[in-house]
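Please read the structure below before turning to the comments.
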Amino acid sequence: MDELPKNYDANISEQKWADYWKEKGTYKFDETRKKKIFSIDTPPPYASADHLHVGHAMHYSQFEFIARYKKMKGFNVFFPMGYDDNGLPTERFVEKKHNVNKNTITRANFIKLCLEETKKCGVVYYNLFTRLGFSIDWDLLFQTIDDRSRHVSQASFIALYKKKLLDHTDQPTTWCMTCQTTIAQADFENVDLQSTFNDIVFKSENQDLIISTTRPELIPACVALFTNPDDERYQKLKGKFAAVPLFNYKVPILFDETVDKEKGTGLMMCCTFGDKEDVEKWYKYKLPLKIVFTEDGRLNDSVPEFKGLKIKDARAKIIEALKNCGALIKQQPITHAVNVHERCGTEVEFMKKKQWSIRVLDKKDELIEAGNKVNWYPEHMKIRYEHWVRNLQWDWGISRQRYYGVPFPLWYCDKCGSVKFPEIKDLPIDPREQNPKTPCPCGNNTFTPEMDVMDTWMTSSMTPYINAHWTMQDEKKDFVPMSLRPQAHDIIRTWAFYTIVKAHFLENKSPWENIMISGHGQDPHGKKMSKSKGNFVVADEVIQKYSADALRYWAAGAKLGEDMPYQEKDVLTGKKTITKIWNASKFTMMNLKDYNASAINELDMHQLETMDRWLISKLMRLVKSSTDSFEKYEYSTAKRETDVFFWQNFCDSYLEFIKHRTYNSTDEESKLAAQKTLYYALLTQLKLFAPIMPFITEEIYQMYFKEFEREDSIHTTTWPEFTSELVDEKSERTGDLVVQIISEVRKYKSTKQLSLKAELNSVTIACKKDEQELLAGVAQDIKAIGLIKDLSFETSEELCVVIE
RNA sequence: GGACCUAUGGUCUAGUGGUAUGACGUCCGCUUGACUCGCGGGAGAUCCCCGGUUCGAAUCCGGGUGGGUCCACCA
């Protein structure tokens, strides 16, 4: 081995090894699949980010650790990347960035813009992920808008139809006025909004009926008043009608036990539609329909005096008009929770729309059961899934009145109205651009295409099947269930839920064997990172300053499932650790200069000295616990334990303890034993660190160990095996005593403000008899390490070191 | 309103039925032939509060309080 470079330059080395891995195809999935597969259902990030923050890096790093661990464990790791670039998230991103919307740009131009932006985002992700050293096989890349994904999601729609799990109904459904599309329950977000309770008078014969509402603009959509059948105040109203103020028409007064007597005046108006209650009452009592909004959230022709006003403006104007005619008698400010569309923050409204939906409400029990078949890590995250399923209120509406998404693969026959599907082999298709190849069974040959596109989750929920090339010619049979789904906890109700729904309905399978749920990287104060708040830490800048390994080191500190605030000092600790690994390795290699590693095959404890066995035995315990931790996806425990072992046992103790054996060696055998231990211990520790810090470990492996180990990369070597022959409790006990004694000696020198190199004339160790026996064999070590001239022993119940 | 998670030295953090881990900071010392991004040492924690189980609890159970997250509440 040549002279060692003095310093480690992470920026140069990390680029070098990233290039090396790419060139060698280190992380290629083996298509011949001779080894057992470990497959990862990688979260496809939305193609809607210009810069990525340390939270992104943290989330993806955490299962990258697992991918690397599994590879070293001998698995054929299937680690793809996907980009989620279809659907509303992308559309919103493009609309904002280019200041366009559905009404101001043609469909073709809009799709073109989406594709361009998507491409740019792909580059951003690729750059960060390769810079972080991710062991992704980029040949497995998919995009949710590509042919394969469109094929698979369209095929899933047809399959669900054939299994009679779909409904195609014209009914009131949740609607976003900004995005102008139907949306699903999972697309909601809850926010607290300031609003006003308005007490409004409805006249009924000679009585004033007061209702309280936050939505006076819905008064022209009022179709009935309701009160509780037990409410004594309103018994006389049975069979009566009330006059709607301002709009001068009459609505029936009805009784329903769901009305809360205590709330407001105990009277409520039912409009089409203000909330889910309205929808239910509308169905139950077969009430008329009075739609007052247009699809983009303005009052429509049915209210000529307010026509064209946006909802909020209409509210103000109507309140004013109510005031003027004396119908508004009281106003009171309130804060209340409102569902908004998570993509744009617009309050959820209702619109009657013909749409496709997947029936889930009548299958809650079996869906909860399906979730139980997956192993959840951490286990308590399963509860969130269960709660979500149990609390579902709507079937999964999958129609979106948008441009950029996967089209429904179907046409409607112009004559008989029945649906017509393409052949699976012809997918993907766009029914708006092509006609069916065969006529309708009714004989007719003219069709109308479905114009809507599918919910983006229709595609995302198919990621295991996209990876499996489901129903395609080159389908990978038995690929589902995949081994692992890694994802964050905030999308349990969407991605995890929808994926479980699809696999269960399509093939009565679990989509994966295991699911690991990670937390979020937050700002230093535990708040969510966002650009607008200015607490956004750009991943690239951290990497530039501290290295990718250091950022990964920080990411490995988060316990599975728990959010973690970003602390720059922890990245710095990572950087220090890397430097320490570099220096300790440099020192080890120096000591191994005249050591012929290829001469030994296996470590033999009988050839080692007590302190060597102490280290190796403790190392074995570390191997065991680290392996156990990784098996449970507890990378943070594995990292911490390895870290502590490396600093304390290896560097602070062992490396100091053997200096006298490797430098002032008169005893060649002793020196060789230390060298064997050094080689084995350093390589093992590098392997244990390799999943967390792939670059520095590779650097050192390449510099020294490769020559003997003969593998192209440390990442293709095998994970250390726990070997019970290498555990030696007696040596561990002895070594621990030595550490204790040396600590006392160091303490003495430190207190006396002496150099650790200072010699001591006489040291007496007082300890138990059996401890004396143990220590007898390492007396020479103690003397050499502590620079002690005379060492003697005394018997005592408690360990005590007397120094003169 | 419900559920889940969480509460540990100045700060962040690990863990356990027998008073506690590591990091950062702080103080003192050491240029020990890998490393000052270092080495050695010190100070600093009644492990949120109240009950219960136990020989023994900070660790288990119940209740409370604070924080986080998810869900419900939209008249």
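Numbers restart at 1 for each chain; the letters A, B, ... are given by sequence-line order, proteins then strands. Not measured: the values here are computed from a predicted model.
The side chain to side chain contact (heavy atoms under 4.5 Å, CB included) test applied to A/Glu342 returns A/Asp187, A/Glu189, A/Arg493, not counting sequence neighbours. Residues meeting the side chain to side chain donor-acceptor pair (under 3.5 Å) test with A/Tyr654, sequence neighbours left out: A/Asp612. In terms of the side chain to side chain contact (heavy atoms under 4.5 Å, CB included) criterion, residue partners of A/Glu568 (sequence neighbours excluded) are, by chain and number, A/Lys545, A/Tyr546, A/Tyr566. Under the salt bridge (charged side-chain N to carboxylate O under 4.0 Å, His left out) criterion, A/Lys575 pairs with no residue at all, not counting sequence neighbours. Legend: residues meeting salt bridge (charged side-chain N to carboxylate O under 4.0 Å, His left out) with A/Glu634, ordered by chain and number and at least two apart, are absent. Evaluation of the salt bridge (charged side-chain N to carboxylate O under 4.0 Å, His left out) rule for A/Asp256 yields A/Lys284 as partners, not counting sequence neighbours. Among residues two or more places apart in sequence or in another chain, the salt bridge (charged side-chain N to carboxylate O under 4.0 Å, His left out) test is passed with A/Lys261 by none.
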Close N or O pairs between protein and nucleotides 33-35 of chain B (under 3.5 Å):
{"from": "B/A34", "atom 1": "OP1", "to": "A/Lys659", "atom 2": "NZ", "distance (Å)": "3.2"}
{"from": "B/A34", "atom 1": "OP2", "to": "A/Tyr663", "atom 2": "OH", "distance (Å)": "2.5"}
{"from": "B/A34", "atom 1": "O2'", "to": "A/Asn583", "atom 2": "OD1", "distance (Å)": "3.1"}
{"from": "B/A34", "atom 1": "N6", "to": "A/Glu656", "atom 2": "OE2", "distance (Å)": "3.2"}
{"from": "B/A34", "atom 1": "N3", "to": "A/Asn583", "atom 2": "O", "distance (Å)": "3.2"}
{"from": "B/A34", "atom 1": "N3", "to": "A/Ala584", "atom 2": "N", "distance (Å)": "3.3"}
{"from": "B/C35", "atom 1": "O4'", "to": "A/Asn583", "atom 2": "OD1", "distance (Å)": "3.4"}
{"from": "B/C35", "atom 1": "O4'", "to": "A/Asn583", "atom 2": "ND2", "distance (Å)": "3.4"}
{"from": "B/C35", "atom 1": "O2'", "to": "A/Asn583", "atom 2": "ND2", "distance (Å)": "3.2"}
{"from": "B/C35", "atom 1": "O2", "to": "A/Lys580", "atom 2": "NZ", "distance (Å)": "2.8"}
{"from": "B/C35", "atom 1": "N3", "to": "A/Lys580", "atom 2": "NZ", "distance (Å)": "3.0"}

Strictly under 3.5 Å: I want the nitrogen or oxygen pairs between protein and nucleotides 68-71 of chain B, one per line.
{"from": "B/U69", "atom 1": "O2'", "to": "A/Arg384", "atom 2": "NH1", "distance (Å)": "3.4"}
{"from": "B/C71", "atom 1": "OP1", "to": "A/Arg493", "atom 2": "NE", "distance (Å)": "3.3"}
{"from": "B/C71", "atom 1": "OP1", "to": "A/Arg493", "atom 2": "NH1", "distance (Å)": "2.1"}
{"from": "B/C71", "atom 1": "O2'", "to": "A/Asn391", "atom 2": "ND2", "distance (Å)": "3.4"}

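Taking atom NZ of A/Lys747 as the reference point, atom C1' of B/C39 lies 17 Å away to the nearest angstrom. Nucleotide B/A75 holds its P atom 16 Å from the OH atom of A/Tyr234, rounded to whole Å. One interatomic measurement links the two molecules: CH2 of A/Trp394 to P of B/A72, which rounds to 12 Å at whole-angstrom precision. A/Ile492 places its CD1 atom 18 Å from the P atom of B/A3, with the value rounded to the nearest Å. The CD atom of A/Glu634 sits 11 Å away from the P atom of B/A14 (whole-angstrom rounding).
On the C1' atoms, B/U13 is 29 Å away from B/A34, given to the nearest whole Å. Across B/U19 and B/A58, the matching P atoms stand 12 Å from one another, rounded to whole Å. Atom name P, nucleotides B/G1 and B/C24: the rounded distance is 44 Å, in whole Å. Taking atom C1' on both B/C55 and B/C50, the two are 23 Å apart, rounded to the nearest angstrom. As rounded to the nearest Å, B/A3 and B/C12 have P atoms that lie 28 Å from one another. Nucleotides B/G22 and B/G29 are separated by 24 Å at their P atoms, to the nearest Å. Comparing B/G17 with B/C39, their C1' atoms are spaced 38 Å from each other, to the whole Å. Remark: the separation of the P atoms in B/C47 and B/U59 is 9 Å, to the nearest Å.
At a threshold of 4.5 Å between non-hydrogen side-chain atoms, the residues A/Lys586 and A/Trp582 count as touching.
As judged by a 4.0 angstrom heavy-atom cut-off over every strand, A/Phe226 is placed among residues making no nucleic acid contact. Base contact: A/Val259 has a heavy atom under 4.0 Å from a base atom. In this structure, A/Glu262 reaches neither bases nor backbone, as no heavy-atom distance under 4.0 Å exists between it and the strands shown.
Using a 30° and 60° split on the angle between ring planes, A/His489 and A/His520 fall in the perpendicular class, above 60°. A/Tyr385 and A/Phe497 have tilted rings, their planes meeting at an angle from 30° to 60° on a 0 to 90° scale.
Side chains of A/Glu641 and A/Ser625: a donor on one and an acceptor on the other come within 3.5 Å.
Counting non-hydrogen atoms of neighbouring residues, nucleotides and ligands closer than 6.0 angstrom, the NZ atom of A/Lys364 exceeds 12 such neighbours.
Checking the phosphate oxygens (OP1, OP2) of B/G15, a side-chain nitrogen or oxygen of A/Lys559 falls inside 4.0 Å. When the side-chain nitrogen and oxygen atoms of A/Ser743 are compared with OP1 and OP2 of B/G41, one or more of them lie within a distance under 4.0 Å.
Residues A/His380 and A/Gly557 both approach RNA chain B. Their nearest nucleotides, taken by heavy-atom distance, put A/His380 toward the 5′ side.
For residues 548-562 of chain A, the pairs satisfying salt bridge (Lys or Arg N to Asp or Glu O under 4.0 Å) are A/Glu64-A/Arg552, with sequence neighbours left out.
Contact detail for A/Ala638 and A/Phe630: the closest heavy-atom pair is CB-CE1, 3.6 Å.
A cation-pi arrangement, defined by a distance under 6.0 Å to the six-membered ring centre and an angle within 45 degrees of its axis, is absent between A/Arg384 and A/Trp376.
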Nucleotide-resolved protein contact map, nucleotides 20-29 of chain B, B/S/- at heavy-atom distance under 4.0 Å
--SBS---SS

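Stem list for RNA chain B (at least 3 consecutive Watson-Crick or G-U pairs, distances under 3.5 Å): B:1-7 with B:65-71, B:10-12 with B:22-24, B:26-30 with B:38-42, B:48-52 with B:60-64.
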